[in-house]
> 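My questions all concern the structure below.
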Amino acid sequence: MTTHQEFHRRSVDEPEAFWAEQAQAIHWHVAPRQILDYANPPFRRWFVGGQTNLCYNAVDRHLAARGDQLALVAISSETGVTREVSYRELHAEVNAFAAVLRSLDVGRGDRVVIYMPNMAEAVFAMLACARIGAVHSVVFGGFAAHNLALRIDDATPKLLVCADAGMRGGKVIAYKPLVDAACAEAASPPPRVLVVSRGLDPDAAMTPGRDVAYAPLRARFDGAQVDVEWLESNEPSYLLYTSGTTGKPKGVQRDVGGYAVAMALSMWSIYDVRAGQVMFSTSDVGWAVGHSYNVYGPLIAGATSILYEGLPTNPDPAVWWGICERYGVRTMFSSPTGIRVLKKQDPSWLRKHDLSALKWLFLAGEPLDEPTAQWVTEGLGKTVIDNYWQTETGWPVLALMPGLDLQPVKFGSPGLPMPGYNLRVIDDQTGADVAPGEKGVLVIQPPLPPGCMTTIWNDDARFVASYFSHFNELLYSSLDWAIRDADGYTYILGRTDDVINVAGHRLGTREIEESCSTYASVAEAAVVGVHDELKGQVPVVFATLKQGGTGETSGEAAARIQQRVVEQLGAVARPARVYVVNALPKTRSGKLLRRSIQALAEDRDPGDLSTLDDPGALDEVRRALGRGADAGG
Ligand code: ATP
Ligand code: MG
């Protein structure tokens with residue numbers, strides 16, 4: 001058996017041989033004539049001259065062997081509708097959708113913005129674009145009109161596909177007025193808007209000449225067959241904007257062949273899902289996880305993908321586990337934020353269903369603190385695997401590979417380097433590799449492996465400046481701090497712009513947050529550095545407490561949190577203030593908006609709030625600061 005370490009070593013020592021082998025997992029209309037072209041660093045091209053198609057690999061390829069198998073199950077606890085779609089039905093839906101796109105004059109290389117919630121048609125639309133070589137750009141349905149307008153102007157789409165409405169917590173959120181506002185704001189609005197109605201907003205106004213309803217077109221093109229457009233491996237497949245946690249989102253551009261190969265490899269080796277098995281990712285299609293592990297990964301693998309629209313607690317906090325039982329889910333993929341929502345509830349909800357088919361729970365998107373990892377591992381009695389990646393990389397950089405050779409889980413670490421990632425941890429000042437156990441910046445020695453971004457859409461210069469210009473050597477900076485231990489396990493300490501400098505000591509916000517969350521009544525903690533005359537910066541904590549806690553007052557909890565940090569990290573990390581709040585400001589993708597919290601704590605403008613999820617959470621922070629509740633000391 002190949003060990004994890006051997007597999008990885010070969011992938012970085014002999015990348016061309018390694019990836020040539022992996023490339024055999026997908027269908028090529030024309031085989032690549034060159035595996036890697038790295039003549040123009042940091043740009044690289046994988047599988048040069050190869051011709052393939054993502055839709056063909058995700059759909060057509062499986063028709064013969066598994067036409068009646070479920071390809072997609074779209075479950076909405078908001079509308080109460082579950083839609084089960086076999087590979088044969090998926091093929092029919094995607095062909096009809098592709099015919100509709102063609103009828104609206106969309107062709108190879110044209111951009112299509114998709115603004116829809118987690119519903120089956122969002123997947124049909126993505127695959128239909130892939131089929132005809134159009135470049136989709138899915139914009140998370142929770143984004144407001146302004147965010148949508150910014151992305152429209154960057155992608156300059158020929159068509160926008162939207163739903164009439166989404167739903168959240170039982171409330172209908174009409175999308176069409178948001179689309180209208182975005183089109184009004186955008187400098188280059190799409191000439192056509194295709195509206196897929198679920199009947200949630202029957203009064204949605206249609207602009208004559210621009211807007212078209214999907215249903216009549218779908219009926220007109222029922223039974224249509226649309227030829228697959230064979231694309232050169234390096235043509236763009238889709239654009240996806242980063243979450244915007246740290247600033248203006250970047251239009252990550254993905255290729256065709258490299259992405260398909262990376263998806264195929266990651267599905268069996270990392271997620272341990274093969275043809276005929278079932279994967280359930282709770283992500284939204286608008287995020288990187290949704291693209292890779294709700295749509296392309298599972299379908300390229302011939303697996304069944306479950307798409308879920310709704311809250312993790314509706315109709316009850318066992319809803320996800322009920323889905324696992326019903327469909328025999330083997331691998332579940334969610335986020336630490338999702339689990340922390342459940343952690344506020346009684347752990348007995350984790351045991352309400354028969355989870356005998358479930359093998360793995362993967363979590364990604366932000367740091368997985370040890371207490372949360374422990375809580376869910378014990379509660380489910382399953383192996384929980386943290387995995388670290390970025391929208392830019394499209395698939396995990398750090399994880400474990402239970403499908404190949406499962407190395408031990410170490411809580412607090414997303415594990416070991418994934419195939420093709422030649423990772424280093426280097427000193428941010430000198431650029432030298434740091435010793436095991438020392439902190440540095442996590443970098444990828446280029447060329448980036450297949451699946452990773454090829455550039456920033458329309459902005460090669462920004463691609464180089466954002467990621468490859470931080471050191472004397474040409475290295476991809478992850479912009480995240482990390483420590484690697486003697487066994488090669490890597491720990492992520494937070495973003496390079498999330499560092500607190502206390503009297504010359506550099507502390508990662510993550511370390512202090514981790515320490516706070518070991519205090520039993522803490523549900524979640526955010527730590528920011530706040531300007532201090534004497535010390536330069538001091539750590540300030542904002543924490544939410546678990547429901548039905550211990551009955552201690554906020555002041556008592558704050559004091560104990562402060563004490564906990566001093567015990568664990570020393571007096572230098574002592575939080576100057578600890579505020580207990582009811583909610584923490586996060587992005588729509590569930591990441592803490594530390595830069596806005598910090599700005600408020602320093603009495604500055606909170607900055608760009610376009611990705612903020614719940615404005616009420618920001619008010620909570622303001623209220624807490626105004627109240628001046630602090631732990632003293
Ligand atoms: P932007 O780049 O626009 O500021 P973003 O970085 O939040 O937004 P994503 O690409 O969605 O956008 O997030 C990737 C980042 O999320 C990583 O760089 C890292 O900071 C964090 N992250 C993801 N997974 C993990 C993990 N398992 N452990 C720790 N951090 C993680
Ligand atoms: Mg980022």
Side-chain angles (χ1 to χ4, degrees), residues 336 366-374 386 410-414 425-430 434-442 480-487 489-545 552 554-581 584 592 594-595 597-598 601-602 624-625 629-633:
E366 36 158 4
L368 174 61
D369 59 285
E370 248 184 88
T372 300
Q374 195 109 40
D386 185 1
K410 289 195 191 183
F411 282 147
S413 168
V425 180
I426 64 174
D427 186 289
D428 64 318
Q429 304 296 321
T430 65
V434 302
E438 276 175 25
K439 179 165 140 188
V441 180
L442 181 67
D480 286 313
W481 295 109
I483 287 182
R484 190 150 56 179
D485 73 11
D487 303 326
Y489 281 70
T490 302
Y491 295 75
I492 301 294
L493 303 178
R495 297 156 190 269
T496 50
D497 54 0
D498 285 340
V499 160
I500 307 181
N501 199 327
V502 185
H505 302 275
R506 291 149 65 78
L507 306 167
T509 53
R510 163 88 198 275
E511 304 163 64
I512 306 175
E513 282 163 9
E514 183 91 24
S515 172
C516 295
S517 63
T518 64
Y519 182 58
S521 46
V522 170
E524 189 162 22
V527 173
V528 295
V530 174
H531 177 73
D532 181 86
E533 282 303 327
L534 213 58
K535 298 178 176 167
Q537 277 187 314
V538 289
V540 171
V541 177
F542 294 82
T544 61
L545 302 182
E552 63 192 341
S554 325
E556 285 162 352
R560 286 181 193 136
I561 292 167
Q562 192 183 45
Q563 190 188 344
R564 176 62 59 96
V565 175
V566 173
E567 281 163 15
Q568 293 188 337
L569 301 177
V572 63
R574 178 194 195 85
R577 292 175 288 284
V578 177
Y579 298 102
V580 172
V581 291
L584 291 167
L592 285 169
R594 292 190 195 78
R595 90 184 134 75
I597 303 175
Q598 181 190 39
E602 292 185 337
L625 287 163
D630 79 50

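Please read all numbers here as calculations on a predicted model, not as lab measurements.
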> How close do Val581 and Leu584 get, heavy atom to heavy atom, and via which atoms?
CG2-CD2, 3.8 Å

> Considering all heavy atoms of both residues, which atom of Val527 and which atom of Cys516 are nearest to each other, and what is their separation?
CG2-SG, 4.4 Å

> Who pairs with Asn501 by side chain to side chain donor-acceptor pair (under 3.5 Å), at least two apart in sequence or on another chain?
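Here no residue qualifies.
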
> For Lys535, does the NZ atom have more than 12 heavy-atom neighbours from other residues, nucleotides or ligands under 6.0 Å away?
no

> Can you name the one residue among Thr509, Asp480, Leu493 that meets side chain to side chain contact (heavy atoms under 4.5 Å, CB included) with Asp498?
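In the set Thr509, Asp480, Leu493, the residue that makes a side chain to side chain contact (heavy atoms under 4.5 Å, CB included) with Asp498 is Thr509.
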
> Could you grab the distance from atom CD of Glu511 to atom CZ of Arg506, nearest 0.5 Å is fine?
11.0 Å

> Who passes side chain to side chain donor-acceptor pair (under 3.5 Å) against Thr544, sequence neighbours left out?
none

> If a pair satisfies ring-ring contact (aromatic ring centres under 6.0 Å, His included) and one of its residues is in residues 491-540, list it, with sequence neighbours excluded.
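Sorted result for residues 491-540: empty, none.
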
> At their closest point, which heavy atom of Ala525 faces which heavy atom of Val541, and how far apart are they?
CB-CG1, 4.5 Å

> Roughly how far, to the nearest 0.5 Å, is the CD1 atom of Ile561 from the OG atom of Ser521?
6.0 Å

> So which heavy atom on Ala482 is nearest to which on Val425, and how close?
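Between these two residues, the closest heavy atoms are O-CG1, 3.5 Å.
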
> Have a look at Pro414 and tell me which of Thr490, Ile492, Leu368 forms a side chain to side chain contact (heavy atoms under 4.5 Å, CB included) with it.
Ile492

> Applying salt bridge (charged side-chain N to carboxylate O under 4.0 Å, His left out) as the test, list every pair that has at least one member in residues 519-534; sequence neighbours left out.
Arg340-Glu524, Glu524-Lys586

> Does Thr518 have any side chain to side chain donor-acceptor pair (under 3.5 Å) partners at least two apart in sequence or in another chain, and if so, which?
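Residues passing side chain to side chain donor-acceptor pair (under 3.5 Å) with Thr518: Arg564, Gln568.
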
> Looking at Tyr489, is its backbone amide N or carbonyl O close enough to the side chain of Asp487 to form a donor-acceptor pair, meaning the two atoms are under 3.5 Å apart?
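Such a contact is absent between Asp487 side chain and Tyr489 backbone.
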
> Atom CD of Glu567 and atom CZ of Arg574: how far apart are they, to the nearest 0.5 Å?
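If I round to the nearest 0.5 Å, the distance is 11.0 Å.
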
> With sequence neighbours excluded, tell me which residues meet side chain to side chain donor-acceptor pair (under 3.5 Å) with Glu370.
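In terms of side chain to side chain donor-acceptor pair (under 3.5 Å), with neighbours along the sequence ignored, Glu370 is linked to no residue.
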
> Mind running side chain to side chain contact (heavy atoms under 4.5 Å, CB included) on Thr496 and Asp428 for me, showing each step along the way?
CA-CA 9 Å; Thr496 50; Asp428 64 318; over 6 Å; no

> Heavy atoms only: give me the nearest Val530-Ala601 pair and the separation to one decimal.
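Heavy-atom minimum between the residues: CG2-CB, 3.6 Å.
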
> If you round to the nearest 0.5 Å, how far is CG of Leu569 from CD of Glu514?
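Reported to 0.5 Å precision, the distance equals 9.5 Å.
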
> Nearest 0.5 Å, what's the CG-NZ distance between Asp386 and Lys410?
14.0 Å

> Distance from Arg594 atom CZ to Phe542 atom CZ, nearest 0.5 Å?
12.5 Å

> Minimum heavy-atom separation for Leu507 to Ala573, with atom names?
CD1-CA, 3.8 Å

